[in-house]
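Data block below; observations after.
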Amino acid sequence: MTSTSGSASSGRAVRARGGPADPWRRTTAAGVLLGAGVAASVVDLLVLHLLLQWHHFYDRSTTAVAVASDGVLHALGWTATVWGLVLLLDVRRRGPVPRGRWWGGVLVGLGGFQLVDGVVDHKLLRLHQVRYDVEDLVVYDVVWIGSAVLVLAAGLVVLRRAGRSAARGDG
């Protein structure tokens, strides 16, 4: 479904909402990718892996394998970050960026990455734990997964409000 609203003078067709170039979806996707990339590359890798040295992405082998797994995580995190920024630039090129959608997407990406890491990587696959050599790992798990749920929920609330605002025509 394509309409020619918007920049008809430039010869570009602007796809209607719901199409592949839907600015709402692209903005949300851009935010989610950037949020997940920042969570992987900055929060998890930089802080927990490098600065605090609490764990590596894959701790069930040698140190060399653990460091190599961190490199793979780092590459994937930056790929998501760059992809999110490219999508954001594409949205901006087509028109104004709906900021509520953008920030909601970023929070969903941050919280979503952390939640998947905490539940799937830590608990189900046991690739690594938040921290080793502590008496009570439950505290770390509760903080990690609990903060993920809070950030994810905040992102969903922001996205919902942005959708309502847009439906009223003031967003």
Side-chain angles (χ1 to χ4, degrees), residues 1-51 56-58 68-122 124-125 127 144-171:
M1 183 161 72
T2 305
S3 71
T4 56
S5 64
S7 59
S9 63
S10 67
R12 292 180 293 170
V14 177
R15 299 199 189 275
R17 190 166 181 189
D22 178 357
W24 286 90
R25 286 185 181 175
R26 282 185 172 259
T27 302
T28 305
V32 168
L33 285 167
L34 182 69
V38 167
S41 295
V42 177
V43 176
D44 196 18
L45 189 72
L46 179 64
V47 175
L48 298 178
H49 296 209
L50 299 176
L51 295 176
H56 298 284
F57 183 70
Y58 185 73
S69 71
D70 286 347
V72 171
L73 175 65
H74 196 59
L76 293 174
W78 277 108
T79 299
T81 301
V82 170
W83 189 8
L85 291 174
V86 167
L87 276 178
L88 178 64
L89 289 174
D90 182 59
V91 170
R92 178 66 186 103
R93 182 181 60 87
R94 295 169 190 260
V97 174
R99 293 181 193 269
R101 285 300 266 204
W102 164 251
W103 283 110
V106 169
L107 291 172
V108 166
L110 277 165
F113 174 87
Q114 193 173 330
L115 184 61
V116 169
D117 187 43
V119 173
V120 176
D121 296 340
H122 296 182
L124 297 177
L125 299 176
L127 297 177
W144 187 259
I145 295 172
S147 63
V149 169
L150 290 176
V151 172
L152 180 61
L156 293 173
V157 168
V158 171
L159 284 175
R160 186 178 177 108
R161 286 186 177 178
R164 286 182 182 164
S165 179
R168 287 191 311 263
D170 60 349

Which atom names give the shortest non-hydrogen contact between [X] and [Y], and what distance separates them?
X      : Y      : value
Pro23  : Val91  : O-CG2, 4.3 Å
Trp144 : Gln114 : O-NE2, 2.8 Å
Ala162 : Trp24  : O-CH2, 3.9 Å

Value rounded to 0.5 Å, distance of [atom1] in [X] from [atom2] in [Y]:
X      : Y      : atom1 : atom2 : answer
Arg26  : Arg92  : CZ    : CZ    : 15.5 Å
Leu73  : Asp121 : CG    : CG    : 8.5 Å
Arg164 : Leu159 : CZ    : CG    : 12.0 Å
Phe57  : Asp117 : CZ    : CG    : 6.5 Å

Please tabulate, for the side chains in residues 103-113, all donor-acceptor contacts under 3.5 angstrom to protein atoms that are two or more places apart in sequence or on a different chain.
none

Looking at side-chain heavy atoms only, is the closest gap between Leu51 and Leu46 below 4.5 Å?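 Side chain of Leu51 against side chain of Leu46, heavy atoms only: contact under 4.5 Å found.
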Quick one: side chains of residues 76-87, donor-acceptor pairs under 3.5 Å with protein atoms, not counting sequence neighbours, listed by atom name and distance.
{"unit_1": "Trp78", "atom_1": "NE1", "unit_2": "His74", "atom_2": "NE2", "d": "3.3"}
{"unit_1": "Thr79", "atom_1": "OG1", "unit_2": "Ala75", "atom_2": "O", "d": "2.7"}
{"unit_1": "Thr81", "atom_1": "OG1", "unit_2": "Gly77", "atom_2": "O", "d": "2.9"}

Which pairs with one or both residues in residues 27-51 pass side chain to side chain donor-acceptor pair (under 3.5 Å), sequence neighbours excluded?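 Applying side chain to side chain donor-acceptor pair (under 3.5 Å) to every pair that reaches into residues 27-51, excluding sequence neighbours, yields Thr28-Arg101, Asp44-His49, Asp44-His55, His49-His55, His49-Asp70.
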Electrostatic pair Arg94:Asp90 at N-O distance under 4.0 angstrom: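 Yes, Arg94 and Asp90 are salt-bridged.
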